[in-house]
Structure formats: structure tokens, C-alpha cells
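Comments concern the structure below.
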Amino acid sequence: MSVNGEAVRVGPGTGRADEPGWDVDPDDDWALAVVATVGRQLKLRREAVGMRVPEFAVAVGYGEDLVYKIESGRRIPRPEYLDTADEILRAGGLVAAMKEDVRKVRYPKKVRDLAQMEARAVELQLYDPVNLHGLLQTPEYARALFRMRRPRYAEEEIERGVAARVARKAVFDREAAPELSFVQDEWTLRRRLGGLDVVRAQLEHLLTVAQLPTVEIQVMPMDREEHAGADGAIEVLKFEDGTAVGRSPAVVGGRPVTDPRQLRILELRYGIIRAQALTPLESTAFIERLLGET
């Protein structure tokens with residue numbers, strides 16, 4: 001059954017199907033290979049126990065079309081699908097164990113690539129003039145942002161996006177945590193996106209993150225008469241081997257750059273932005289006052 005284009009699971013034996021997974025990006029070779037391997041293993045184990053697709057579909061609680069798509073490597077199965085399949089196929093945990101392989105490809109390639117770079121970085125310089133930076137967002141705030149996108153995202157895609165954003169927060173938990181510098185425009189903190197409860201929880205989260213020894217959060221006040229960030233967001237990631245990668249919509253159309261000259265431009269702009277913003281201590285006090293007003 002489909003509601004606004006989304007398949008809805010209502011339980012086995014109802015004749016209505018669900019799509020418990022995500023489409024595979026045809027340009028993502030690694031994801032295609034992983035999902036094809038998982039699908040092949042599911043098919044071999046189903047056939048090994050003598051179950052035909054219609055019988056297995058009823059047992060697993062989803063439509064036949066979905067089973068075919070997963071077994072042919074055209075859909076990424078969700079963890080609960082693999083758990084149920086493991087029980088039905090009496091795989092002794094071998095099918096369920098594939099969740100780890102699937103987890104690595106469940107997010108879009110560009111998100112995985114960004115998370116991998118963040119995981120290697122020893123220093124991150126991050127300025128976002130539009131919204132709170134993704135690494136600072138609570139799941140509720142991120143979910144509210146995704147729901148505001150137009151054209152509207154399907155609920156499945158919203159949850160996929162939130163999960164991907166949350167997964168990137170592992171950068172804070174690394175044993176050798178990188179130095180993270182954030183600059184946020186004041187107005188990104190004042191907007192009531194998602195409602196007051198979401199905003200209050202988000203501001204409280206910012207104060208918690210700001211206490212981490214490797215994190216600095218600075219606020220750019222709206223009353224500044226000079227602002228070096230007028231050209232848009234800036235991201236600079238530096239790595240242990242001395243290399244770096246940067247990105248800004250004002251430089252080569254927002255594509256990642258590694259050229260030293262372009263990186264110097266981004267670092268110059270970011271350094272001026274930091275100098276123009278409130279200090280980290282002043283910023284913490286500002287966020288505390290704003291929380292009290294919210």
C-alpha cells in the first residue's frame with residue numbers, strides 16, 4: 001500500500017507491501033557491490049531451506065516485489081528486515097551480521113565521503129550562515145529542517161537524512177578528537193525552527209558541546225558592520241599529513257578544493273570571521289542569555 005508515494009507496512013498476510021529499505025545510487029559502485037552481495041546471500045539461504053519467494057514474503061511480512069528487489073541488489077534492506085530473515089532462514093546470526101556491511105552504505109555516497117574526511121581530520125574550521133552546522137544539530141532539529149525542504153521529502157528519506165547526520169557526530173567521540181571551530185550567525189540561533197521545545201533543546205545542546213575541550217563555538221552578532229562571511233559558508237578540513245580540503249560556494253562553485261592558493265583564501269576569510277565574532281566565552285554567555293529568553 002502506498003501513501004503519498006510511500007509504501008507502508010501493515011503486517012504479514014494483509015496483501016499489502018512495504019519498502020523497508022532505500023534505493024541504491026547507480027553511481028555508487030561500492031554500495032552496489034555490497035547490496036548485491038547481501039541480496040545474493042539472502043537468495044541462496046532462502047533457496048537452501050526450500051522457501052519460494054511468495055512463502056518467504058509472507059513469513060518476513062513484506063511484499064514479494066520487495067523481496068525480489070532486495071535479492072537482486074536493487075534495494076538496501078533495513079536492519080529489521082535482516083533480523084527477521086535471519087530467524088526465518090535459521091541462519092544462526094549470519095544474515096543479521098550483514099547489518100554492519102549494510103550500515104556502511106545506507107547513507108548517500110556524498111555523506112559517507114564527508115564523514116570519512118571528518119573522521120581523518122585533525123582540525124575543522126566550519127562556518128554556516130544559513131542554519132546551525134550539521135555537526136551541532138540535535139536529531140529533532142535536523143528532523144525539523146528536513147521536513148521543511150521543498151519539494152517535500154518522504155518520511156523515509158527524512159529519517160535516512162537524520163540518521164546520516166547523527167552518524168557524523170562520531171567525530172566528537174574519537175579517541176584523538178580533532179580541534180573543531182564553529183562560527184554561527186546570531187540569527188541562526190534566534191530562529192524558532194521546529195518550535196520552542198526543539199529550539200530550547202538545541203541551545204542546551206550547544207552549551208554542552210561548547211564545554212568539550214576540543215570545541216570552540218563563536219557567535220557572529222547581527223549588529224556587526226563588517227562581516228567577512230557575506231559570500232557564504234566555509235569548511236576547511238586539515239589532515240595529519242599536512243594536506244587539507246576546503247569548500248565554499250564563493251570558491252569554484254562550492255566544489256571541494258585542495259589547491260594551496262584557494263585554501264589560503266578560505267582560511268583568510270575564516271580567520272577574519274573568527275576575529276569579527278564574539279569570543280568563545282562571550283558566545284557561551286550569549287547562548288545562555290538567549291536560552292533564558294526562549
Side-chain angles (χ1 to χ4, degrees), residues 103 106-108 110-112 114-119 121-149 153 155 157-222 229 232-237 247 270 273-274 276-294:
R103 182 188 65 80
R106 64 183 292 191
Y107 310 124
K110 64 180 180 180
V111 175
R112 294 202 316 270
L114 177 58
Q116 288 171 1
M117 285 194 295
E118 290 171 346
V122 295
E123 182 181 349
L124 294 88
Q125 300 174 339
L126 307 165
Y127 166 64
D128 191 335
V130 179
N131 293 307
L132 284 170
H133 193 277
L135 288 175
L136 295 175
Q137 294 173 14
T138 64
E140 293 74 22
Y141 186 91
R143 187 173 289 108
L145 289 183
F146 279 118
R147 283 181 174 153
M148 295 172 197
R149 298 284 180 87
Y153 281 6
E155 195 66 24
E157 290 304 311
I158 291 174
E159 292 308 314
R160 187 184 189 186
V162 172
R165 193 154 292 180
V166 170
R168 287 173 54 203
K169 292 177 179 289
V171 70
F172 293 107
D173 301 323
R174 281 169 40 189
E175 185 173 344
E179 297 292 326
L180 292 111
S181 169
F182 298 90
V183 180
Q184 289 291 156
D185 278 335
E186 176 184 341
W187 78 288
T188 66
L189 305 178
R190 289 192 174 277
R191 289 189 301 174
R192 297 298 186 254
L193 300 181
L196 288 181
D197 289 342
V198 170
V199 171
R200 283 189 60 83
Q202 178 63 71
L203 293 175
E204 290 170 352
H205 178 67
L206 289 179
L207 292 174
T208 299
V209 174
Q211 298 303 311
L212 296 174
T214 59
V215 175
E216 287 189 344
I217 298 176
Q218 294 179 247
V219 176
M220 174 67 81
M222 290 190 295
I234 294 175
E235 293 186 358
V236 178
L237 282 65
R247 185 173 60 177
Y270 188 77
I273 292 171
R274 290 189 68 182
Q276 293 170 336
L278 299 176
T279 69
L281 285 177
E282 292 170 339
S283 298
T284 297
F286 179 90
I287 295 171
E288 289 174 340
R289 290 196 301 272
L290 187 56
L291 178 60
E293 299 169 4
T294 303

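Since the structure is predicted, the reported quantities are computational estimates derived from the model, not experimental observations. Hydrogens, waters and symmetry mates play no part in the numbers below; they use all other heavy atoms, side chains included.
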Expected output: side-chain Gln125 to main-chain Val236 donor-acceptor under 3.5 Å: no
Pair listing, side chain to side chain donor-acceptor pair (under 3.5 Å) test, anchored in residues 285-294, at least two apart: none
Whether Arg190 side chain and Thr188 backbone form a donor-acceptor pair below 3.5 Å: no
Where at least one partner belongs to residues 200-222, residue pairs that pass salt bridge (charged side-chain N to carboxylate O under 4.0 Å, His left out), sequence neighbours excluded: Arg200-Glu204, Glu216-Arg274
Heavy-atom closest pair, residues Leu135 and Arg168: CD2-O, 3.6 Å
Beyond-backbone contact of His205 with Tyr141, side-chain heavy atoms, under 4.5 angstrom: no
Working for side chain to side chain contact (heavy atoms under 4.5 Å, CB included), residues Gln218 and Glu282: CA-CA 8 Å; Gln218 294 179 247; Glu282 292 170 339; over 6 Å; no
CG/Asp173: more than 12 non-hydrogen atoms of other groups inside 6.0 Å: yes
Shortest non-hydrogen contact between Gln202 and Thr138, atoms and distance: OE1-N, 2.9 Å
Contact check, side chains of Leu193 and Val198, non-hydrogen atoms, under 4.5 Å: no
Side-chain donor or acceptor of Arg143 paired with backbone N/O of Ile158 under 3.5 Å: no
Distance-minimising heavy-atom pair for Gly134 and Arg165: O-CG, 3.6 Å
For the student: nearest non-hydrogen atoms of Gln137 and Leu132, plus distance: NE2-O, 2.7 Å
Shortest non-hydrogen contact from Leu291 toward Leu207: CD2-CD1, 4.0 Å
Salt bridge (charged side-chain N to carboxylate O under 4.0 Å, His left out) contacts touching residues 131-141 (sequence neighbours left out): none
Backbone N/O of His133 and side chain of Gln184: donor-acceptor pair under 3.5 Å: yes
Tyr270 side chain reached by Ser181 side chain, heavy atoms, under 4.5 Å: yes
Any side-chain heavy-atom pair of Val122 and Glu179 under 4.5 Å: no
Contacts of Arg149 that satisfy side-chain hydrogen bond (donor to acceptor under 3.5 Å, both in side chains) - sequence neighbours left out: Tyr153
With sequence neighbours excluded, residues passing ring-ring contact (aromatic ring centres under 6.0 Å, His included) with Tyr127: His227
Short side-chain to backbone donor-acceptor contact, Glu235 and Leu126, under 3.5 Å: no
Check: Asp128 side chain, Asn131 main-chain N or O, donor-acceptor pair, under 3.5 Å: yes
Ile287 CD1 to Leu206 CG distance, which is reported to the nearest 0.5 Å: 5.0 Å
Val215: side-chain contact (heavy atoms from CB on, under 4.5 Å) partners, not counting sequence neighbours: Phe172, Leu180, Phe182, Val209, Leu212, Ile217
Least distance between heavy atoms, Val166 atom then Pro139 atom: CG2-CG, 3.8 Å
Pro178 and Glu123, any side-chain heavy atoms less than 4.5 Å apart: no
